[in-house]
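These notes concern the structure reproduced below.
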Amino acid sequence: KPAEALTAELSAEAFRGSDTAQQFARLCAAKRGEELAIGLRSILGEADIHQTMGDLTELAEAVVSVGLRIASEELLALHGNPIEETGAPAGFSVIGLGKLGSQEMNFGSDLDLIFVYSRPGATDGKAGGRPAARGAVSNHEFFLRLATALRDGLSAPSMGERAYEIDLRLRPEGQKGAIAAPLEVYEAYFQDRAEIWERQALCRARPIAGSPDLSRRFMKLVTGFVFERGVPPNLAAEVDHMRARMERELTHEAKGEIDLKLGHGGLTDIEFLVQYLLISHGRENPAIRRPETVEAIRALRDAHLLEGEDAEALLQAYRFLRQVENRLRIARAQPLHTFPSTPEEMEMLARRLGFMDDEEGSSRAKLLAHYERHTQRVRSIYRKVLGLKPQS
């Protein structure tokens, strides 16, 4: 569906509810219906993995947009309109990171979000020409309540099932910081305290909902922080240190588990490699500043920052790994990124991916061989691009 039509349909369904709780419940239910249709198109072969990820991303954007409207209408009635100290209307924006930012959502993907508002001030205490139900509050309190209402409405609704798991840990100061902050706080944080891994994360930042003007101003800050700041001399070592730590501490591959996201040569290798190149060369090459992993790889190839053969290998591996993840998650209705532990389940997964038993081998053996070939190649390219010694 076109994005505008999808948003309109979700909004119409949500606002059939008589109060905020019912509206969020209806929105979450409508989201599940749309997700079912996307899943069926994927299973029936009517949409490839890239189309499926794009459809799931558009659905998430529409859900966040409608959810923001639900939360906003209640708070505006209670406290009136937020006004900056200058007298101008205050804005609020939702910024997507991770798979939402890169437009590569899969079934079960969570939403990595940060919330930003324009400037301090206070609400005017008026709603529809009358005094607001609970009077004026500071902009910080208003937007904090707005962000909380949106988060809880989508991830912990009081009625029905949640729409998404929402991760807000990429905000300034992480879990210690407020979940909504003014633009000036982000500016100071990017200038003084943000770390290299945060530059990596913000490579995939993209406005999702809220004020277009504020979103543009925020993205200008992001561009300056991620791409226009000097490249640290230890960038490759920092990126690889974080990557190795994730592989060591967050996977169980040493015990035989196969993790297609965080494991050896997995999806994270591809994403970290791309982010390293974007930070290293984005200042001189604005055309490569793409939040989408696939489009960034193509742009890096066109800018001769990735060899053509390596770029094609990364694109093929990314497509394959995402397809495996897709079939895992559809079958189990869980956000999985590890292979099944039993041969029987592996055979079922292999058949769902189109591998067949024949004289050349079992479906399971073929799937594992494909996985091994792709991940070995990805790890080799990753180490070469970062200037690391080949692994023995």
Side-chain angles (χ1 to χ4, degrees), residues 49 53 98-99 102 104 106 108-109 196-197 200-201 203-204 234-280 293-294 296-297 300 306-307 309-329 332 334-343 345-347 349-350 353 355 361-392:
I49 186 59
M53 291 191 298
K99 298 298 182 295
S102 63
E104 294 157 339
N106 215 329
S109 293
I196 288 175
W197 68 265
Q200 289 183 247
C203 284
R204 298 195 284 181
N234 62 337
L235 178 61
E238 287 280 347
V239 169
D240 188 56
H241 173 75
M242 178 62 69
R243 177 68 189 100
R245 182 179 173 185
M246 292 172 70
E247 186 175 347
R248 182 175 63 251
E249 298 179 6
L250 300 179
T251 74
H252 299 92
E253 292 206 321
K255 299 178 182 179
E257 184 179 86
I258 301 176
D259 192 321
L260 58 94
K261 176 181 177 181
L262 300 171
H264 178 98
L267 290 162
T268 303
D269 270 30
I270 300 174
E271 292 165 355
F272 273 41
L273 177 159
V274 168
Q275 292 157 14
Y276 167 77
L277 289 174
L278 293 182
I279 293 170
S280 297
T293 304
V294 167
I297 291 172
L300 289 164
L306 262 180
E307 295 177 10
E309 190 174 297
D310 289 345
E312 184 57 33
L314 292 173
L315 290 170
Q316 290 181 7
Y318 192 81
R319 188 179 305 115
F320 170 76
L321 294 171
R322 283 279 176 233
Q323 185 67 23
V324 176
E325 180 187 64
N326 173 277
R327 290 300 185 251
L328 275 170
R329 294 183 175 198
R332 300 287 291 275
Q334 295 176 339
L336 300 174
H337 48 83
T338 56
F339 277 125
S341 58
T342 68
E345 290 179 308
M346 277 293 291
E347 288 173 5
L349 173 62
L353 287 161
F355 295 99
S362 70
S363 58
R364 178 169 63 95
K366 292 177 183 177
L367 169 58
L368 289 171
H370 268 71
Y371 176 81
E372 185 73 13
R373 184 173 69 252
H374 281 301
T375 53
Q376 290 290 354
R377 180 67 171 135
V378 166
R379 179 53 62 92
S380 174
I381 297 170
Y382 166 87
R383 297 192 67 82
K384 179 176 72 172
V385 168
L386 268 68
L388 307 171
K389 294 181 180 178
Q391 289 179 319
S392 58

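Here, residue 1 is the first one in the sequence, and each next residue gets the next number. Predicted, not measured: the structure shown is a model, and the values here were computed from it.
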Taking the side chain as C-beta and beyond, is there a heavy-atom pair between L386 and Y276 under 4.5 Å?
yes
Could you measure the distance from the OG atom of S362 to the CE atom of M346? Nearest 0.5 Å is fine.
9.0 Å
Can you confirm whether L306 sits close enough to L314 that some side-chain heavy atom of one is under 4.5 Å from a side-chain heavy atom of the other?
yes
Verdict with reasoning, Q200 to I279, per side-chain contact (heavy atoms from CB on, under 4.5 Å)
CA-CA 8 Å; Q200 289 183 247; I279 293 170; 4.0 Å; yes
Are N234 and I196 side-chain neighbours, meaning at least one heavy-atom pair lies under 4.5 Å?
yes
If only atom types and distance count, is the side chain of E253 paired as donor or acceptor with the main-chain N or O of E247 below 3.5 Å?
no
Gap between atom CD of Q323 and atom CD1 of I49 - 0.5 Å precision:
4.5 Å
Min side-chain heavy-atom separation D240-Y382 under 4.5 Å:
yes
Check the pair E307 / K384 against salt bridge (charged side-chain N to carboxylate O under 4.0 Å, His left out), numbers first and verdict last.
CA-CA 11 Å; E307 295 177 10; K384 179 176 72 172; 3.6 Å; yes
Does E238 reach the side chain of M242, with side-chain heavy atoms less than 4.5 Å apart?
no
Please name the residue in the list E104, R322, E271 that meets the side-chain hydrogen bond (donor to acceptor under 3.5 Å, both in side chains) test with T293.
E104
Starting at CZ of F320, measure out to CD of E325 and round the result to the nearest 0.5 Å.
12.0 Å
Would you mind writing out the side-chain donor-acceptor pairs for residues 260-268 within the sub-3.5 Å range, not counting sequence neighbours?
| from | atom 1 | to | atom 2 | distance (Å) |
| --- | --- | --- | --- | --- |
| H264 | ND1 | R379 | NH1 | 3.4 |
| T268 | OG1 | K261 | O | 2.8 |

Are the side chains of I270 and I297 in touch, meaning some heavy atoms are under 4.5 Å apart?
yes
CG/D269 to NE2/H374 distance, rounded to the nearest 0.5 angstrom?
14.5 Å
Single hit among I258, T338, D259 for side chain to side chain contact (heavy atoms under 4.5 Å, CB included) with T251
D259
Would you please test E345 and L349 for side-chain contact (heavy atoms from CB on, under 4.5 Å) and show each step?
CA-CA 6 Å; E345 290 179 308; L349 173 62; over 6 Å; no
Calculate, to the nearest 0.5 Å, the distance between atoms CD and CZ belonging to E309 and R377 respectively.
5.5 Å
Once you measure the plane-to-plane angle for H370 and F355, does it fall in the parallel (<30°), tilted (30-60°) or perpendicular (>60°) bin?
perpendicular
Kindly compute the distance separating CG (L273) from CZ (R243), expressed to the nearest 0.5 Å.
11.0 Å
Between S363 and L353, is any pair of side-chain heavy atoms under 4.5 Å apart?
no
A side-chain contact here means heavy atoms from C-beta on lying under 4.5 Å apart; do N106 and K99 qualify?
no
